[in-house]
Amino acid sequence: MNERRHATTGTTGPAAGGGRMDPATRAFLAHRSLLFTVAYEMLGSAADAEDALQETWLRWVKVDLGQVSDQRAYLVRITTRRALDRLRAIRRRKEDYVGPWLPEPLLTAPDVAEDVELAESVSMALMLVLETLSPTERAVFVLREVFGVGHEEIAAAVGKSSAAVRQIAHRARRHVEARRPREAVSPSQARMAVESFQRALETRDLQGLLDVLAPQVVLVSDGGGVKQAAPQPITGAGKVARMIVNGLGKAQVTLTSEPIVVNGNPALLLRVDGEIDGVIAARVEDARITGLYYVRNPQKLTRIATETPLTLR
């Protein structure tokens with residue numbers, strides 16, 4: 001897409017302009033992608049993650065850096081606290097959301113898909129599993145299992161004892177493991193499955209869809225009450241394939257799709273009569289698609305024109 005550009009610092013906090021930067025600004029910018037990734041994995045919303053980073057920046061500039069031994073850890077702690085407060089607030093907001101809720105899709109660089117650990121941690125499939133945790137469980141799981149933060153540091157971030165954090169981490173890990181995809185596939189296998197899905201989608205090939213969809217595939221669509229979407233997840237290859245062919249593949253519209261990388265995983269950007277209709281991300285297991293996540297809510301499609309840098313380090 002011609003309009004895409006690579007985002008290097010994002011929109012929140014200090015700008016990375018010319019000239020000399022003060023130590024606080026330099027430290028914040030050095031860790032900004034990490035802080036955004038932490039906040040996004042906790043919140044599932046880029047807009048809320050940006051707000052959490054803005055609050056982090058406002059607190060960071062008041063810190064006496066001479067008293068900070070580990071700037072990265074200190075920044076992660078501030079971001080976690082801000083994201084945790086925001087997570088508790090938006091959980092109430094999600095209760096009023098119209099239809100199924102999906103994380104906000106982020107356009108990511110193709111090389112993110114090659115980092116299997118990072119790609120899995122921000123995948124739509126895992127992000128949805130994280131939605132089933134309590135706010136504290138989610139924060140502890142993300143910090144411990146994704147970013148490898150120590151129990152004592154997590155305890156300082158979430159306001160719990162180290163012993164309590166260990167228990168929470170164990171409980172959250174067991175919960176996630178019971179619900180996450182059984183096994184990770186290679187980036188090339190995932191791309192092949194999405195390519196097969198794309199061909200079947202564009203040709204309205206019902207059998208082609210049935211061939212690439214797992215028997216118990218689940219389709220979740222998010223219109224946010226603004227765009228039409230299924231009010232409940234649709235389960236089963238036959239139902240999903242017919243819904244796609246009859247819904248997205250109407251004869252009177254021109255449907256096109258473009259391969260993109262969303263949240264570090266292969267996805268499709270769909271256009272209907274030339275206008276962006278939504279993003280479809282997929283979960284792939286054993287060379288077949290077991291999950292489809294279709295985001296149509298326009299408010300959640302603001303991050304598909306510009307790559308969002310993500311990192312675990």
Side-chain angles (χ1 to χ4, degrees), residues 1 3-16 28-29 31-58 75-76 78-91 93-94 97 100-110 112-113 115 118-131 135 138-139 142-143 146-147 220-224 226-227 260-265 267-269 276 278-281 293-312:
M1 293 173 60
E3 65 271 28
R4 292 189 197 141
R5 64 188 188 280
H6 186 72
T8 54
T9 62
T11 59
T12 298
F28 185 87
L29 290 175
H31 300 297
R32 189 191 187 285
S33 292
L34 169 67
L35 302 178
F36 178 85
T37 307
V38 170
Y40 174 73
E41 292 203 22
M42 286 183 59
L43 298 167
S45 162
D48 286 303
E50 292 287 2
D51 288 343
L53 259 64
Q54 179 66 34
E55 294 167 2
T56 297
W57 166 248
L58 293 175
L75 280 163
V76 168
I78 298 175
T79 300
T80 299
R81 288 174 177 171
R82 303 285 69 76
L84 191 53
D85 289 342
R86 190 164 289 275
L87 180 59
R88 292 178 176 129
I90 65 176
R91 280 175 72 90
R93 190 173 74 205
K94 289 176 184 176
Y97 196 78
W101 182 94
L102 287 172
E104 184 177 352
L106 306 179
L107 181 73
T108 49
V112 173
D115 186 336
L118 174 58
E120 181 187 8
S121 73
V122 295
S123 68
M124 287 284 188
L126 184 58
M127 295 283 281
L128 274 182
V129 174
L130 296 183
E131 284 294 313
R138 184 165 183 169
V142 167
L143 291 177
V146 178
F147 295 94
V220 182
S221 53
D222 177 347
V226 180
K227 288 285 194 75
I260 57 175
V261 178
V262 164
N263 291 45
N265 292 267
L268 296 175
L269 176 64
I276 292 178
V279 168
I280 293 185
Y293 313 101
Y294 188 22
V295 181
R296 299 192 71 203
N297 184 348
Q299 296 176 355
K300 293 186 177 183
L301 298 176
T302 62
R303 290 287 185 129
I304 60 171
T306 301
E307 289 178 3
T308 298
L310 301 174
T311 183
L312 299 182

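Residue numbers start at 1 and run along the sequence shown.
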What distance do Leu312 atom CG and Ser33 atom OG have between them, rounded to the nearest 0.5 Å?
11.5 Å
CG of Asp85 to CG of Asp51: how many Å apart, nearest 0.5 Å?
13.0 Å
Please tell me if the side chains of [X] and [Y] come closer than 4.5 Å, counting only heavy atoms from C-beta onward.
{"X": "Leu310", "Y": "Leu106", "result": "yes"}
{"X": "Trp57", "Y": "Arg32", "result": "no"}
{"X": "Thr308", "Y": "Leu107", "result": "no"}
{"X": "Thr108", "Y": "Ile260", "result": "no"}
{"X": "Glu55", "Y": "Arg86", "result": "yes"}

Let me see the working for Phe36 and Thr311 under side-chain contact (heavy atoms from CB on, under 4.5 Å), right down to the final yes or no.
CA-CA 9 Å; Phe36 178 85; Thr311 183; over 6 Å; no
Residues Leu84, Met42; criterion side-chain contact (heavy atoms from CB on, under 4.5 Å); working and verdict:
CA-CA 8 Å; Leu84 191 53; Met42 286 183 59; 4.1 Å; yes
Arg93 bridged to Asp48 by N-O distance under 4.0 Å:
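Salt bridge present between Arg93 and Asp48.
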For [X] versus [Y], what's the shortest heavy-atom pair and its separation?
{"X": "Gly264", "Y": "Ala119", "result": "O-CB, 3.4 Å"}
{"X": "Ile276", "Y": "Leu269", "result": "CG2-CD1, 4.0 Å"}
{"X": "Val220", "Y": "Leu102", "result": "O-CD1, 3.5 Å"}
{"X": "Val261", "Y": "Pro110", "result": "CG2-CA, 4.0 Å"}
{"X": "Pro103", "Y": "Leu128", "result": "CD-CD2, 4.1 Å"}
{"X": "Ala267", "Y": "Ala281", "result": "CB-CA, 3.9 Å"}

Derivation and outcome, side-chain contact (heavy atoms from CB on, under 4.5 Å), residues Trp101 and Lys300
CA-CA 11 Å; Trp101 182 94; Lys300 293 186 177 183; 3.3 Å; yes
Pair Thr56-Thr79, side-chain hydrogen bond (donor to acceptor under 3.5 Å, both in side chains): steps then yes or no
CA-CA 6 Å; Thr56 297; Thr79 300; 3.2 Å; yes
Testing the 3.5 Å rule here: is there a donor-acceptor pair between the side chains of Ser121 and Glu41?
yes
Under 3.5 Å, is there a donor-acceptor pair between the Asn263 and Tyr40 side chains?
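Tyr40 and Asn263 do have a side-chain donor-acceptor pair below 3.5 Å.
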Partners passing side-chain hydrogen bond (donor to acceptor under 3.5 Å, both in side chains) against Glu131 (at least two apart in sequence or in another chain):
Lys94, Arg138
Applying side-chain hydrogen bond (donor to acceptor under 3.5 Å, both in side chains), name anything that partners Thr80, two or more places apart in sequence or on another chain.
none
Inter- and intrachain pairs under salt bridge (Lys or Arg N to Asp or Glu O under 4.0 Å), touching residues 120-129, at least two apart
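Those involving residues 120-129 are Glu120-Arg180.
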Please assess Tyr293 against Asp222 for the test side-chain hydrogen bond (donor to acceptor under 3.5 Å, both in side chains), listing each intermediate value before the final yes or no.
CA-CA 8 Å; Tyr293 313 101; Asp222 177 347; over 6 Å; no
Please report the C-alpha distance between Leu301 and Val279 in whole Å, then the side-chain angles of each, then the deciding distance to 0.1 Å, and finally whether the side-chain contact (heavy atoms from CB on, under 4.5 Å) criterion is met.
CA-CA 8 Å; Leu301 298 176; Val279 168; 4.0 Å; yes
Quick one: does Glu104's side chain have a donor or acceptor within less than 3.5 Å of a partner on Ala46's backbone?
yes
